[in-house]
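Quick notes on the structure that follows.
Labels below follow one simple rule: chain letters A, B, ... track the order of the sequence lines, proteins then strands, and each chain is numbered from 1.
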There are 2 protein chains.
Amino acid sequence: MSTETTSSKGRPAQRVTRQRLAIRALLTDIDGFRSAQQLHEELREAGDSVGLATVYRTLQAMAESGEVDGIRTDDGEMVYRQCSQGHHHHLVCRECGRTVEISAKLVEQWAQTVATEHGFRDAGHEIELFGLCSDC
Amino acid sequence: MSTETTSSKGRPAQRVTRQRLAIRALLTDIDGFRSAQQLHEELREAGDSVGLATVYRTLQAMAESGEVDGIRTDDGEMVYRQCSQGHHHHLVCRECGRTVEISAKLVEQWAQTVATEHGFRDAGHEIELFGLCSDC
DNA sequence: TTCTTTGCAAACCTTTTGCATATTC
DNA sequence: GAATATGCAAAAGGTTTGCAAAGAA
């Protein structure tokens, strides 16, 4: 047996670095979605500068591990935010960007069923709702 | 009164060119979604070459006028297809890209309801299902 | 000491734009 | 002939990658 700290998923262990802590802390503080570039900028302003490439790599890793939630905006930019955890979707205001987190058991099941009916396995889905919120 | 051919929407009239006809014809022939780059390549192979920039510009115009349907893939690329019309969603194989068109009255309603419940109006949504198809 | 992470700059890719030329109306 | 469309090449963005140096375990 070994003494190494390897995740059960076989991925290499992630090391705790100033940069990762800074990114995680920032994401915890803020509410909405942020792009890698925005985070990079906000970190710089906060005097806790992190290389842009590192921000990208970290965000990717965090998204893969499920620690953050990444979606792609209309103009093709990836934006992330810390997810409360668990699987959920968003209702986003087209105007002001306000987002409401929604759970959707109904739709989850529907997605599974549809996929299975068509012979697809290992089904996943992407669902985002848009609209104009009451303030806009 | 004037004799000009201006659309009722006030946009400048679109001229009929070989390039536009070629793109439209190609989109009519094929089934799935294609990126601007793919179309550009397929046109070139068919000996009906069209400049890449023109493909981009044309697809944009067609999408705006509602003649084609454009969605953004997971990796941020825009893909288009002639829309059969009507609203629908897709079940896409993660491996081979095979797509099945699905209708989803259930989910449509759900989306409306959820949006309304949260005070959002003018609701729309984006729903894509993924999985591994039976061949993969 | 070993293996991972960082930073920087260069590379990538898709998409957009400027401008002279060609085309449609 | 006037206005729009095309092509090309260059510019823009956002994102990724190679590599040497720094840092965690």
I need the [atom1]-[atom2] distance between [X] and [N], as an integer number of Å.
| X | N | atom1 | atom2 | value |
| --- | --- | --- | --- | --- |
| A:D75 | D:dA12 | CG | P | 18 Å |
| A:Q37 | D:dA12 | CD | P | 15 Å |
| B:I23 | D:dG7 | CD1 | C1' | 13 Å |
| A:H40 | D:dG13 | NE2 | P | 17 Å |
| B:E77 | C:dT16 | CD | P | 12 Å |
| A:R24 | C:dT5 | CZ | P | 12 Å |
| A:Q38 | D:dT15 | CD | P | 10 Å |
| A:L39 | D:dT15 | CG | P | 11 Å |

A side-chain contact here means heavy atoms from C-beta on lying under 4.5 Å apart; do B:T54 and B:T17 qualify?
no
Determine: side-chain N/O of [X] to OP1/OP2 of [N], distance under 4.0 Å, yes or no.
| X | N | answer |
| --- | --- | --- |
| B:R18 | C:dT23 | no |
| B:Q14 | C:dC25 | no |
| A:Y56 | D:dT16 | no |
| A:T17 | D:dA24 | no |
| A:R57 | D:dG18 | no |
| B:Q19 | D:dG7 | yes |

Closest non-hydrogen atom pair, B:F33 against B:Q38
O-OE1, 4.1 Å
Nearest to the side chain of [X] - [options]?
| X | options | result |
| --- | --- | --- |
| B:V16 | D:dG14, C:dT15, C:dC25 | C:dC25 |
| B:Q60 | C:dT6, D:dA5, C:dT15 | C:dT15 |
| A:R15 | C:dT17, C:dT4, D:dT15 | C:dT4 |
| B:T58 | C:dT14, D:dT6, C:dT5 | D:dT6 |

Is it the case that one hydrophobic cluster holds both A:Y56 and A:L43, taking links as side-chain heavy atoms less than 4.5 Å apart, direct or via other members?
no
Indicate if A:V79 and B:M78 have the same hydrophobic cluster label, given that clusters are the connected sets of ILVMFWY residues with side-chain heavy-atom separations under 4.5 angstrom.
no
For B:Q82 and B:T28, which I'm curious about, is there any donor-acceptor pair between the side chains at under 3.5 Å?
yes
Residue pair A:G76/B:S49 against DNA chain D: nearer the 5' end by closest nucleotide is B:S49
Does A:R72 get its side chain close enough to the base of D:dG14, under 3.5 Å, for a donor-acceptor pair?
no
